[in-house]
Amino acid sequence: MNVLPYTPESYQLMHDGAITLARVESNGIRIDTEYLRKTARRLTRRIDHLSQKIQESEVVQTWKTKFKGRFNLNSLDQLGAVLFEEMGFESDQRTATGKHKTDEDSLSRINHPFIQDYLKIKTLNKTLNTYVLGIRREVVNGLIHPFFNLHLVTTFRSSSDSPNFQNIPVRDPIIGKLIRQAFIPRSGHRLVEADFSGIEVSVAACYHKDPRMMEYLEDKTKDMHRDMAMQCYMLPLEELTPTKGDKEDTKRCKNIRYCGKNAFVFPEFYGSYYPDRARELWNYISSMDLKKRDGTSLLVHLREQGIRELGDLDPTQKPRRGTMELHIQQVEKDFWEKRFPIYDAWKKKWVKAYIQDGFMRMLTGFICQGYLKRNEIINYAVQGSAFHCLLWSLIRLQRKLDKHRMKALIIGQIHDSIVSDVPDEELNDFLELSREVMVDDLKDAWDWIITPINIEAEVTPVDGNWFQKAEMTIG
DNA sequence: GCCCACCGCGCG
DNA sequence: AAAGCGCGCGGTGGGC
């Protein structure tokens, strides 16, 4: 049986959302085109220089001999053939269609000086082509006008294109700085980014209502990501509690916590399982240089705890003793059976109901149907409703800005955050309005939100740029 | 010259 | 029993 994919209230949200986002698109985002021009030149020079350098490498020599006139440094197919068929490097990693994988993870296992330079060139090319040139191409009268679509995504989230404003680099500080310096406020303004903290975790909790998760969300002294990082890396709490005023140590703790969050907690929520978790947690130790306060690598620390190697990661074999694989298998079991059994039970119940009914209804009234995999059934409801919290807030914020005849402009949206271009003199009012809408009004409007909602705001200096955003506490 | 599948990678 | 969710974009390589 087919069901209308929306209820009247969810239809209204899409309708109001489309109208408000049209205004956001029309406002546009100011771009420093002169900076982009210079950056393009600099990047091009660096790429040329590095490309020159690797010409001497035996890999390129072999490559040219094999492919002659067809030689193309950007061809990953050719690179795979050179490395794995010609030069005899081992790889058991294959793509869905059976080709050798040539992503960063696979390539970095190859011990050859060429690889580092090649990966560097790849990153610089991506930065230049997708971001510097891609953004500059879209500038009209000093502004870009990214589209924010509401009709494309299966989960009823939004997407953005031309250019995509939802994937601007930020995780790599060097690349993030390079690109974000091009995003600037209008004269006398600041850029303000207001985002929900952990909205997907909160929304998920509104579905499953696991009491242990509720404790984590309600008690600000508790920290799930930190706790899981402790358990995964077998560290005492003390090792994850930064020494006050010590910036270096704060960063060390932050990095370990980051790995707990992004290599264990979120992937587990999305449906990953222990072999992949063990591998990523293990790789992060070297790539992020994770260490204890006294400077010993977590690899050494784990060895002292009896974990000497990663393991075979073969799902048909039982993990061996003394491996990270076995340890993380146990952490995973504890995670779902002991820590969050109610969450676990909800997942099973939710999937069973979907298979029985043929559709699911989100807390925001949107309806998903069709042939979905287990992980999709679990994740769609959470991802969609989390975004609807943002969309509802964006609509409401625009109404309040209009009502108060403010000059602040909403210029973009990134799934759980709102980006605005705000005159300096309106800053305090704007931040207060944002808090009012995203925290108070939202909870008043939707009584299914049974968890605390928190937001953070990051603000740039007047006439600064997006890279200079810094956190501002607004409750 | 255009279209498409695939791969890889940027973000939440 | 299965085993990471959602996007957009750039490049290659093949087909028309």
Side-chain angles (χ1 to χ4, degrees), chain A residues 67 70 72-81 93-107 119 122-135 137-138 146-172 175-176 178-180 193 195-201 203-204 261-280 313-316 329 332 336 347-348 351 355 368 372-384 386-387 390 412-417:
Chain A
F67 285 95
R70 279 173 51 230
N72 180 351
L73 207 54
N74 290 327
S75 170
L76 292 169
D77 279 2
Q78 290 184 12
L79 177 63
Q93 306 272 97
R94 290 289 194 283
T95 69
T97 52
K99 289 197 268 195
H100 292 285
K101 275 191 84 87
T102 49
D103 59 356
E104 185 184 350
D105 186 61
S106 306
L107 292 180
L119 289 174
K122 224 148 92 64
T123 305
L124 294 174
N125 266 325
K126 168 119 185 162
T127 307
L128 174 65
N129 295 327
T130 305
Y131 297 107
V132 178
L133 300 180
I135 291 167
R137 194 160 55 229
E138 298 288 347
F147 291 108
F148 293 99
N149 315 295
L150 287 178
H151 62 294
L152 295 177
V153 182
T154 329
T155 60
F156 301 100
R157 242 199 195 181
S158 68
S159 75
S160 168
D161 66 272
S162 309
N164 183 352
F165 185 62
Q166 295 176 325
N167 72 345
I168 307 299
V170 65
R171 295 175 194 170
D172 178 323
I175 308 293
L178 206 69
I179 301 304
R180 284 175 181 244
E193 186 169 353
D195 63 300
F196 287 115
S197 351
I199 190 71
E200 281 207 20
V201 176
V203 167
K261 173 180 170 183
N262 292 303
F264 187 82
V265 176
F266 277 125
E268 284 292 336
F269 286 168
Y270 291 151
S272 184
Y273 82 134
Y274 71 87
D276 291 334
R277 291 312 95 225
R279 183 173 46 76
E280 200 175 358
L313 308 182
D314 178 352
T316 65
Q329 182 188 40
E332 181 178 74
W336 290 114
K347 294 201 293 186
K348 295 191 173 101
V351 171
I355 290 168
C368 290
L372 300 185
K373 295 181 194 133
R374 174 185 174 277
N375 288 336
E376 293 170 338
I377 299 168
I378 295 162
N379 291 323
Y380 282 16
V382 176
Q383 186 183 102
F387 169 67
L390 191 281
Q413 158 270 126
I414 314 173
H415 307 303
D416 66 353
S417 73

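Keep in mind it's a predicted model, so treat the numbers as computed, not measured.
- Across all strands shown, A:T127 has no heavy atoms under 4.0 Å from either base or sugar-phosphate atoms.
- Residue-level contact check: A:L152 touches the backbone only, with heavy atoms under 4.0 Å from sugar-phosphate atoms and none from bases.
- Taking atom CD of residue A:E268 and atom P of nucleotide C:dA2, one finds them 18 Å apart after rounding to whole Å.
- Comparing atom distances between the A:K122 side chain and each of C:dG4, C:dG11, B:dC9 picks out B:dC9 as nearest.
- When distances are taken from the side chain of A:Y380 to each of C:dC5, C:dC7, B:dG10, the shortest belongs to C:dC5.
- Between A:S159 and C:dG8 there is a side-chain polar atom (N or O) within less than 4.0 angstrom of OP1 or OP2.
- With C1' as the reference atom, B:dG10 and C:dA3 are 25 Å apart, rounded to whole Å.
- Across all strands shown, A:R277 has heavy atoms under 4.0 Å from base atoms, whether or not it also approaches the sugar-phosphate.
- Every residue meeting the side chain to side chain contact (heavy atoms under 4.5 Å, CB included) condition with A:E138, not counting sequence neighbours, appears here in chain and number order: A:I144, A:S162, A:P163.
- Here the side chain of A:E376 is nearest to one of B:dC9, C:dG6, B:dG12, namely C:dG6.
- Residue A:I414 has its side chain nearest to B:dG12 when only C:dG8, B:dC9, B:dG12 are considered.
- Within 4.0 Å (heavy atoms only), A:N379 reaches sugar-phosphate atoms of the nucleic acid but no base atom.
- Taking a 6.0 Å sphere around CZ of A:F266, one finds it holds more than 12 heavy atoms contributed by other residues, nucleotides or ligands.
- Counting non-hydrogen atoms under 4.0 angstrom, A:E332 reaches nothing in the nucleic acid.
- Contact annotation: A:R171 reaches the phosphate of B:dG12 (side-chain N/O to OP1 or OP2, under 4.0 Å).
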CA sep, side-chain torsions, deciding dist, call: A:E200, A:Y270, side chain to side chain contact (heavy atoms under 4.5 Å, CB included): CA-CA 11 Å; A:E200 281 207 20; A:Y270 291 151; 3.7 Å; yes
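- Of the candidate nucleotides C:dG6, C:dG4, B:dC9, C:dG6 has the atom lying nearest to any side-chain atom of A:T155.
- Checking C:dG4, C:dG6, C:dG11 against the side-chain heavy atoms of A:Q383 singles out C:dG6 as nearest.
- For the segment residues 94-103 of chain A, no residue has any heavy atom less than 4.0 angstrom from an atom of DNA chain C.
- When each of C:dG4, C:dC7, C:dG8 is scored by its nearest atom to the side-chain atoms of A:K126, the top-ranked nucleotide is C:dG8.
- Residue A:S75 has a polar side-chain atom (N or O) positioned under 4.0 Å from OP1 or OP2 of C:dG13.
- Each of C:dG4, C:dG8, C:dG6 was ranked by its minimum atom distance to the side chain of A:H415; first place goes to C:dG6.
- Candidate nucleotides C:dG13, C:dG4, C:dC7 were compared by shortest atom distance to the side chain of A:D77, and C:dG13 ranks first.
- The side chain of A:N125 contributes no N or O atom lying less than 4.0 Å from OP1 or OP2 of C:dG11.
- Contacts of A:S160 with the nucleic acid, taken as non-hydrogen atoms under 4.0 Å apart, involve only primed sugar atoms and P, OP1 or OP2.
- Side chains of A:T154 and A:E376: no donor on one and acceptor on the other come within 3.5 Å.
- A straight line from CG of A:N375 to C1' of C:dA1 spans 12 Å, rounded to a whole angstrom.
- Distance from the side chain of A:S162 is smallest to C:dC9 among C:dG13, C:dC9, C:dG8.
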For DNA chain C, what string of dots and brackets results from 5' to 3' when Watson-Crick and G-U pairs need both distances under 3.5 Å, crossing pairs get [ ], and pairs with another strand get |? ....||||||||||||
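- Across all strands shown, A:V170 has heavy atoms under 4.0 Å from sugar-phosphate atoms exclusively, and none from any base.
- Distances shorter than 4.0 Å separate some side-chain N or O of A:N74 from OP1 or OP2 on C:dT12.
- Residue contacts shown for A:R157 include a base, since a base heavy atom lies under 4.0 Å away.
- Across every non-hydrogen atom of A:L390 and A:D416, the tightest pair is CD2-C, 3.6 Å.
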